[in-house]
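Everything below concerns the one structure shown next.
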Amino acid sequence: MRNRNPILIVFLSLCVILIFVGASSDEPELGSARVVFQTEYGDIEFGFYPSVAPITVEHIFKLVRLGGYNTNHFFRVDKGFVAQVADVANGRSAPMNEEQRIVAEKTIIGEFSQVKHVRGILSMGRHADPNSGGSSFSILLGDAPHLDGEYAIFGKVTKGDETLKKLEQLPTRREGIFVMPTERITILSSYYYDKQMESCELDKSILKRRLASSTVEIERQRMKCFP
């Protein structure tokens, strides 16, 4: 029987373990689009998982583009658990136009996945029917493994954890199973942007400046050589 190098065996075993752990802990890739909710306590920025929940992501985008979340609020803030945005149809303080109402009252299928409910994750709200998601969603304020596979995850917080911490410190009251802020936490406004497009615009701007500089230099050399 051939002798085996024990050091080599240990090294290969460690490589296999690291590859396995790395593969199992990979999170979905974020798309380039970002949505920002502005509150009096600060901004919260979200990134999205279009490869995990494409229908949900597009639905949320459409609501934001229509201004649906403007004047809406966080009806629930349960420290260490979730901060939940009210459904648009009933949570806004401003009236809706017909287009906003049609989208706000639409329900979508439950796009369940293997992504875990950990702090910062965005998870769609729903009723008993798994395909009853609408416009209400939760921001996880802690790990909640009991929600895994039960609610559709579609993104995560990319900036604004300090704002979430401020929300967690606000006074609350309990109504049944819900822990709710005693004062209304209004979403003053919302907007979206695309990081990829911004990067392209920056590249174009840099290129234009370089071309302009090149043109000046060419003209300078031309005047020098061919007065």
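Computed over heavy atoms, backbone and side chain alike; hydrogens, waters and symmetry mates excluded.
- Residues L30 and G47 share a closest heavy-atom pair of CD2-C, 3.6 Å.
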Problem set entry | Audit row: K156, E27, salt bridge (charged side-chain N to carboxylate O under 4.0 Å, His left out) steps and yes/no | CA-CA 11 Å; K156 73 173 187 177; E27 70 170 62; 3.0 Å; yes
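- Side chain of E111 to backbone of I55: a donor-acceptor contact under 3.5 angstrom is found.
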For this session: Could you give me the CA-CA distance, side-chain angles and deciding distance for Y191 and F37, then say whether ring pair (Phe, Tyr, Trp, His ring centres under 6.0 Å) is met?
Result: CA-CA 7 Å; Y191 66 91; F37 280 4; 9.8 Å; no
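- At least one cation-pi condition fails for R34 and Y192: the charged atom is not both under 6.0 angstrom from the six-membered ring centre and inside a 45 degree cone around its axis.
- Across all non-hydrogen atoms, the minimal contact from V88 to A104 is CG1-CB, 3.8 Å.
- Remark: side-chain polar atoms of T163 are paired, donor with acceptor, to backbone N or O of D43 under 3.5 angstrom.
- The hydrophobic clustering, which links ILVMFWY residues whose side-chain heavy atoms are closer than 4.5 Å, places L122 and V118 apart.
- Ion pairing between E99 and R101 fails under the 4.0 Å rule for side-chain N and carboxylate O.
- Side-chain N or O atoms of N72 include one that pairs as donor or acceptor with a backbone N or O of A86 at under 3.5 Å.
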Exercise. For R119 and D161, what are the C-alpha separation, side-chain angles and deciding distance, and is it a salt bridge (charged side-chain N to carboxylate O under 4.0 Å, His left out)?
Worked result: CA-CA 9 Å; R119 185 176 177 88; D161 192 61; 3.0 Å; yes
Exercise. Hey, mind stepping through T39 and F74 against side chain to side chain contact (heavy atoms under 4.5 Å, CB included) and telling me if it holds?
Worked result: CA-CA 10 Å; T39 78; F74 289 88; 4.3 Å; yes
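- In this structure, A53 and F154 approach most closely via the heavy-atom pair CB-CB, 3.9 Å.
- Centroid-to-centroid, the aromatic rings of Y151 and F137 stay 6.0 Å apart or farther.
- F75 and I177 fall within the same hydrophobic cluster, where Ile, Leu, Val, Met, Phe, Trp and Tyr residues are linked whenever their side-chain heavy atoms come under 4.5 Å apart, directly or through other members.
- Distance check: E183 CD to T172 OG1 gives 12.0 Å after rounding to the nearest 0.5 Å.
- Here K79 contributes atom NZ and L164 contributes atom CG; the two are 13.0 Å apart, rounded to the nearest 0.5 Å.
- When only modelled atom types and interatomic distance are considered, Q169 and Y41 share no side-chain donor-acceptor pair under 3.5 Å.
- The hydrophobic clustering, which links ILVMFWY residues whose side-chain heavy atoms are closer than 4.5 Å, places F112 and I121 apart.
- Here the shortest heavy-atom pairing between S132 and H127 reads OG-N, 2.8 Å.
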For this session: List the steps and the verdict of side chain to side chain contact (heavy atoms under 4.5 Å, CB included) for Y69 and R92.
Result: CA-CA 7 Å; Y69 287 102; R92 285 167 50 103; over 6 Å; no
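- Two residues are said to be in side-chain contact when any heavy atoms from C-beta on lie closer than 4.5 Å; K195 and Y193 meet this criterion.
- The CG atom of L141 sits 4.5 Å away from the CD atom of E168 when rounded to the nearest 0.5 Å.
- At distances below 3.5 Å, at least one donor-acceptor pair connects side-chain atoms of T71 with backbone N or O atoms of A94.
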For this session: Please assess V157 against I139 for the test side chain to side chain contact (heavy atoms under 4.5 Å, CB included), listing each intermediate value before the final yes or no.
Result: CA-CA 8 Å; V157 173; I139 304 171; 3.6 Å; yes
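- In this structure, the separation between CD on E45 and OG1 on T158 is 3.5 Å, given to the nearest 0.5 Å.
- With hydrogens and angles disregarded, a donor-acceptor distance shorter than 3.5 Å links the side chain of S136 to the backbone of V85.
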Exercise. Between R76 and V82, is a side chain to side chain contact (heavy atoms under 4.5 Å, CB included) present by the stated rule, with each step listed?
Worked result: CA-CA 7 Å; R76 181 183 187 187; V82 297; 3.8 Å; yes
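- If you take CG on N70 and CG on L188, they are separated by 9.0 Å, rounding to the nearest 0.5 Å.
- Nearest heavy-atom pair across H117 and D148 is N-OD1, 2.7 Å.
- A side-chain donor-acceptor contact under 3.5 Å links S32 and D194.
- Between L167 and I44 the shortest heavy-atom distance is CD1-CD1, 4.5 Å.
- Cluster annotation: I153 and I108 are assigned to distinct hydrophobic clusters (Ile/Leu/Val/Met/Phe/Trp/Tyr, side-chain heavy-atom contacts under 4.5 Å, transitive).
- By the neighbour-count criterion of 12 heavy atoms within 6.0 Å, atom CD of E105 is densely surrounded, having more than that number from other residues, nucleotides or ligands.
- Using a 4.5 Å cut-off on side-chain heavy atoms (C-beta onward), V115 and P28 make contact.
- A donor-acceptor contact shorter than 3.5 Å is absent between the side chain of S135 and the backbone of D87.
- Although no hydrogens or angles enter the test, the distance criterion places a donor-acceptor pair under 3.5 Å between the side chain of R126 and the main chain of E150.
- Atoms CZ and CD, on R65 and Q100 in that order, are 13.5 Å from each other to the nearest 0.5 Å.
- Using a 4.5 Å cut-off between side-chain heavy atoms of Ile, Leu, Val, Met, Phe, Trp and Tyr, with links allowed through other members, V57 and L66 fall into the same hydrophobic cluster.
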